[in-house]
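Remarks on the structure that follows.
A quick note: this is a predicted structure, and the numbers were derived from the prediction, not measured.
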Amino acid sequence: LVLERHYVVGGFSHSFRRKGFEFDVGVHYVGDVQRRLSNLRRISDYVTEGRLDWARMHDVFDVLVYPDRRYDVVAGPQAFQDRLRHDFPGEERAVSEYLQLVNQSTTGHFVAKMAGQSLPPEVLAISRRTTLSVLEQLTSNRRLMSVLTGQWGNYAHPPAQSSFLTHALFVKHYLFGAAYPVG
């Protein structure tokens, strides 16, 4: 089985330098592998026989830069929520409801998949809605919506086209931060 093709074995996770800048390709960070008991870390350890080391990234593992300011994406559910509440005063309810929807939909998804069942009706319903339509139900603050969906490039569909369930799965994946493969 060949999962990649490169002149260096493991090339999908290598880095290189050009004109004084360092670049990485392929897998540059992965969520939820820095927690030893997470399911993804257990899978990683099993598949690699524990030979793949992960370096935990800083608590600010992503930055969204706008012309007038920057927004840090921080690790940890409470820190993530606190930062959003600080950056968007008056939107505390929208932030709380957003995170509740993320948790409800992802938990329902995983429970159903593990039990070999179809999605619960409420998860199926939200999976049929776009990320943008769900956010418009929570807030009219376009900047908040933009920040909440700032990582949409990870799943390649803008908020007006992506399923909220897909968006929620990625948000949950990075909620505790990220790590990158050592070497």
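- Using modelled atom types and a 3.5 Å distance limit, the side chains of Y66 and S146 yield a donor-acceptor pair.
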Q.
side chain to side chain contact (heavy atoms under 4.5 Å, CB included) for R83 and D72? Distances and angles first, verdict last.
A. CA-CA 8 Å; R83 180 61 58 97; D72 295 337; 3.1 Å; yes
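- Using modelled atom types, no side-chain atom of R85 and backbone atom of V95 make a donor-acceptor pair closer than 3.5 Å.
- The structure places CD1 of I43 at 11.5 Å from OG1 of T48, a figure rounded to the nearest 0.5 Å.
- Side-chain contact check for T131 and T149: no donor-acceptor pair (N or O, by modelled atom type) lies under 3.5 Å.
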Q. Checking side chain to side chain contact (heavy atoms under 4.5 Å, CB included) for the pair W54/L52: CA distance, chi angles, key distance, verdict?
A. CA-CA 7 Å; W54 294 96; L52 178 59; 3.4 Å; yes
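- Rounding to the nearest 0.5 angstrom, the gap separating the CG atom in L135 from the CG atom in N141 is 11.0 Å.
- Note: F164 and H167 have tilted aromatic rings, judged against thresholds of 30 and 60 degrees for the angle between ring planes.
- The backbone N or O of S162 sits nowhere less than 3.5 Å from a side-chain atom of T166 that would complete a donor-acceptor pair.
- Rounding to the nearest 0.5 Å places NZ of K172 at 8.5 Å from OG of S105.
- Qualifying salt bridge (Lys or Arg N to Asp or Glu O under 4.0 Å) partners for R93, counting only residues two or more places apart in sequence or in other chains: E97.
- At least one side-chain heavy atom of L119 sits less than 4.5 Å from a side-chain heavy atom of H109.
- R36 CZ: 12 or fewer foreign heavy atoms inside a 6.0 Å radius.
- Interatomic distance, CD of Q100 versus CG of L138, reported as 10.0 Å (0.5 Å rounding).
- Side chain to side chain, D62 and Y174 fail the donor-acceptor criterion of an N or O pair below 3.5 Å.
- For the pair S163 (side chain) and S127 (backbone), a donor-acceptor distance under 3.5 Å is present.
- S38 pairs by the side-chain hydrogen bond (donor to acceptor under 3.5 Å, both in side chains) definition with nothing, not counting sequence neighbours.
- To the nearest 0.5 Å, atom OH of residue Y98 and atom CD of residue Q81 are 11.5 Å apart.
- Applying the ring pair (Phe, Tyr, Trp, His ring centres under 6.0 Å) test to residues at least two apart or on different chains, the pairs with a partner in residues 72-95 are Y71-F88.
- Remark: D32 engages R35 in a side-chain hydrogen bond (donor to acceptor under 3.5 Å, both in side chains) (not counting sequence neighbours).
- Side-chain contact between L40 and V30 is present, with heavy atoms from C-beta onward closer than 4.5 Å.
- Closest approach of A168 to V102, counting heavy atoms only: O-CG1, 3.8 Å.
- Taking all atoms of both residues into account, the shortest heavy-atom contact from G177 to A75 is CA-CB, 3.5 Å.
- No side-chain heavy atom of H173 sits less than 4.5 Å from a side-chain heavy atom of L169.
- Shortest non-hydrogen contact noted between T130 and A160 is CG2-O, 3.3 Å.
- Salt-bridge check for D87 with R143: failed, with every basic side-chain N at 4.0 Å or more from each acidic carboxylate O.
- Checked against side-chain hydrogen bond (donor to acceptor under 3.5 Å, both in side chains), Q34 has no partners two or more places apart in sequence or in another chain.
- Put simply, the side chain of M57 reaches to within 4.5 Å of the side chain of Y180, judged on heavy atoms.
- For residues 112-137, the pairs satisfying salt bridge (charged side-chain N to carboxylate O under 4.0 Å, His left out) are E136-R142, with sequence neighbours left out.
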Q.
Working note: V73 + V147, criterion side chain to side chain contact (heavy atoms under 4.5 Å, CB included); need CA distance, chi angles, decisive distance, verdict.
A. CA-CA 9 Å; V73 180; V147 169; over 6 Å; no
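- Checked by atom type and distance alone, the side chain of R70 never pairs as donor or acceptor with a backbone atom of V65 at under 3.5 Å.
- With rounding to the nearest 0.5 angstrom, the CG atom of L144 is 6.5 Å from the CG atom of L84.
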